[in-house]
Asks: 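Shown below is the structure under consideration.
Keep in mind the model is a prediction, meaning the values are calculated, not measured. As a basis for the values below, the full set of heavy atoms in this structure was taken, side chains included, without hydrogen atoms, waters or symmetry mates. This chain uses plain numbering: 1 for the first residue, then up along the sequence.
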Amino acid sequence: MPINKKEHLVYTFLMVVFMAIVMTTYNVILHNGFSLESVKMAWLLFPFTFVAAFLCEWFLVSKLAMALSHKVLKEDDLLLKKILVTALCFVTGMVVLMSFLGPIIAGGLSSDLLEIGLKSIPINFVMAFPLQVIIGGPLVGFVFRKIFPL
């Protein structure tokens with residue numbers, strides 16, 4: 001959807017805002033239970049999570065995900081296949097990184113970080129992939145096209 005660096009920056013910003021809000025809230029509620037206190041904690045963690053996620057996405061995952069998806073996809077592949085493969089590449093990279101960075105942001109370094117991160121990967125993936133494909137992509141695409149009409 002983005003066609004230049006400025007549009008790519010805006011699209012990435014919008015997608016990271018959406019995914020960071022939802023995934024931060026999801027993880028805090030998952031670990032602390034659903035309560036007003038959990039929602040407050042997620043809101044307070046969001047700025048730190050957003051910055052970490054944006055930096056990971058912009059400097060690491062985006063380049064790797066696009067390179068990998070271009071190796072897998074062909075020009076004549078169905079649009080749905082392109083969406084699913086690209087989302088899979090992005091979500092996998094972000095889930096792996098944020099499953100380790102999230103606990104550091106929320107509680108600092110701990111001796112069980114490896115265990116927490118490895119346990120978090122599948123839990124985060126089953127939420128993040130459908131969220132990206134079914135809600136995030138269409139919603140962010142709609143907002144993006146309002147900002148940058150064709």
Asks: Are Leu73 and Thr86 close enough that some pair of their side-chain heavy atoms sits under 4.5 Å apart?
Replies: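 Side-chain contact under 4.5 Å: yes.
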Asks: Tell me whether the rings of His8 and Trp58 are parallel (<30°), tilted (30 to 60°) or perpendicular (>60°).
Replies: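 Tilted.
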Asks: Could you check whether any side-chain heavy atom of Thr49 comes within less than 4.5 Å of a side-chain heavy atom of Met23, counting everything from C-beta outward?
Replies: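 Not in contact.
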Asks: For the OG atom of Ser69 and the NZ atom of Lys81, what is their distance to the nearest 0.5 Å?
Replies: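 Spacing of OG (Ser69) from NZ (Lys81) equals 11.5 Å.
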Asks: State the CG-CZ distance between Leu55 and Phe50, to the nearest 0.5 angstrom.
Replies: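 If we round to the nearest 0.5 Å, Leu55:CG and Phe50:CZ are 8.5 Å apart.
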Asks: For the CD1 atom of Ile116 and the CG atom of Asp112, what is their distance to the nearest 0.5 Å?
Replies: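 If I round to the nearest 0.5 Å, the distance is 3.5 Å.
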Asks: By side chain to side chain contact (heavy atoms under 4.5 Å, CB included), which residues pair with Leu88, not counting sequence neighbours?
Replies: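 In terms of side chain to side chain contact (heavy atoms under 4.5 Å, CB included), with neighbours along the sequence ignored, Leu88 is linked to Thr92, Phe125, Phe129.
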Asks: Output all residues satisfying ring pair (Phe, Tyr, Trp, His ring centres under 6.0 Å) with Phe48, sequence neighbours left out; order by chain, then residue number.
Replies: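 Applying ring pair (Phe, Tyr, Trp, His ring centres under 6.0 Å) to Phe48 gives none.
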Asks: In the single-linkage hydrophobic clustering (I, L, V, M, F, W, Y; side-chain heavy atoms under 4.5 Å), do Ile3 and Phe13 co-cluster?
Replies: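 Hydrophobic grouping puts Ile3 apart from Phe13.
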Asks: Does a side-chain heavy-atom distance below 4.5 Å link Leu113 with Pro103?
Replies: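 Touching, per the 4.5 Å side-chain cut-off.
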Asks: Drop me the distance from Lys71's NZ to Met66's CE, to the nearest 0.5 angstrom.
Replies: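 Rounded to the nearest 0.5 Å, the NZ-CE separation comes to 13.5 Å.
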Asks: Counting distance only, does the side-chain N/O of Thr24 pair as donor-acceptor with the main-chain N or O of Ala42 below 3.5 Å?
Replies: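 Not confirmed, Thr24 side chain does not pair with Ala42 backbone.
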Asks: If I compare all heavy atoms of Val16 with all of Phe54, which pair ends up nearest, and what's the gap?
Replies: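 It is CG1-N, 3.7 Å.
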Asks: Can you find a heavy atom in the side chain of Met98 that is under 4.5 Å from one in the side chain of Asn124?
Replies: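 They are not in contact (no side-chain heavy atoms under 4.5 Å apart), so the answer is no.
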Asks: Side chains of Val22 and Met127, heavy atoms from C-beta outward: is any pair under 4.5 Å?
Replies: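 Counting from C-beta outward, Val22 and Met127 do come under 4.5 Å.
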Asks: Does Gln132 reach the main-chain N or O of Ala128 with its side chain, forming a donor-acceptor pair under 3.5 Å?
Replies: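 Checking the backbone N and O of Ala128 against the side chain of Gln132, no donor-acceptor pair under 3.5 Å is found.
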Asks: Look up atom OG in Ser35 and atom CD1 in Ile29, then write down how far apart they are to the nearest 0.5 Å.
Replies: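 Between Ser35 OG and Ile29 CD1, I get 7.5 Å after rounding to 0.5 Å.
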Asks: Check the angle between the aromatic planes of Phe148 and Phe144 and answer parallel, tilted or perpendicular using the 30° and 60° thresholds.
Replies: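 Rings of Phe148 and Phe144: tilted, as their planes differ by 30° to 60°.
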Asks: More than 12 foreign heavy atoms under 6.0 Å from CD1 of Ile147: is that the case here?
Replies: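 Count over threshold, so yes.
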Asks: Please enumerate all residues that pass salt bridge (charged side-chain N to carboxylate O under 4.0 Å, His left out) together with Lys40, with sequence neighbours excluded.
Replies: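 Result, salt bridge (charged side-chain N to carboxylate O under 4.0 Å, His left out) vs Lys40: none returned.
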Asks: Measure the shortest side-chain to side-chain distance between Tyr26 and Ile123 over non-hydrogen atoms and say whether it is less than 4.5 angstrom.
Replies: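 Touching, per the 4.5 Å side-chain cut-off.
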Asks: Indicate if Val140 and Ile134 have the same hydrophobic cluster label, given that clusters are the connected sets of ILVMFWY residues with side-chain heavy-atom separations under 4.5 angstrom.
Replies: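 Linked, Val140 and Ile134 end up in one cluster.
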Asks: Applying the 4.5 Å side-chain criterion to the ILVMFWY set and letting contacts propagate, would Phe46 and Leu139 be lumped into a single cluster?
Replies: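 Yes, Phe46 and Leu139 fall within the same hydrophobic cluster.
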Asks: For the side chain of Lys82 and the backbone of Glu75, is there at least one donor-acceptor N/O pair under 3.5 Å apart?
Replies: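 Checked: pair present.
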Asks: Taking only residues two or more places apart in sequence, or in another chain, which ones meet Leu118 in a side chain to side chain contact (heavy atoms under 4.5 Å, CB included)?
Replies: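 Leu118 satisfies side chain to side chain contact (heavy atoms under 4.5 Å, CB included) with Phe100, Leu114, Ile121 once adjacent residues are dropped.
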Asks: Tell me whether Trp43 is reachable from Val39 by hopping between hydrophobic residues (I, L, V, M, F, W, Y) whose side-chain heavy atoms are closer than 4.5 Å.
Replies: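 The answer is no; the residues belong to distinct hydrophobic clusters.
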Asks: Would Met19 and Val51 show up in the same hydrophobic cluster when neighbours are defined by side-chain heavy atoms closer than 4.5 Å?
Replies: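 Same cluster: Met19 reaches Val51 through Ile, Leu, Val, Met, Phe, Trp or Tyr contacts under 4.5 Å.
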Asks: Do Phe18 and Leu14 have side chains that approach each other closer than 4.5 Å (heavy atoms only, starting at C-beta)?
Replies: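 They are not in contact (no side-chain heavy atoms under 4.5 Å apart), so the answer is no.
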Asks: Apart from Ile83 itself, which Ile, Leu, Val, Met, Phe, Trp or Tyr residues share its cluster (side-chain heavy atoms under 4.5 Å, direct or through members)?
Replies: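 In the cluster with Ile83 are Leu79.
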Asks: Which residues satisfy the salt bridge (charged side-chain N to carboxylate O under 4.0 Å, His left out) test with Lys119, sequence neighbours excluded?
Replies: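 Lys119 satisfies salt bridge (charged side-chain N to carboxylate O under 4.0 Å, His left out) with Glu115 only.
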Asks: Check the pair Cys56, Leu101 against side chain to side chain contact (heavy atoms under 4.5 Å, CB included), reporting the backbone distance first and the verdict last.
Replies: CA-CA 10 Å; Cys56 287; Leu101 289 175; 3.5 Å; yes
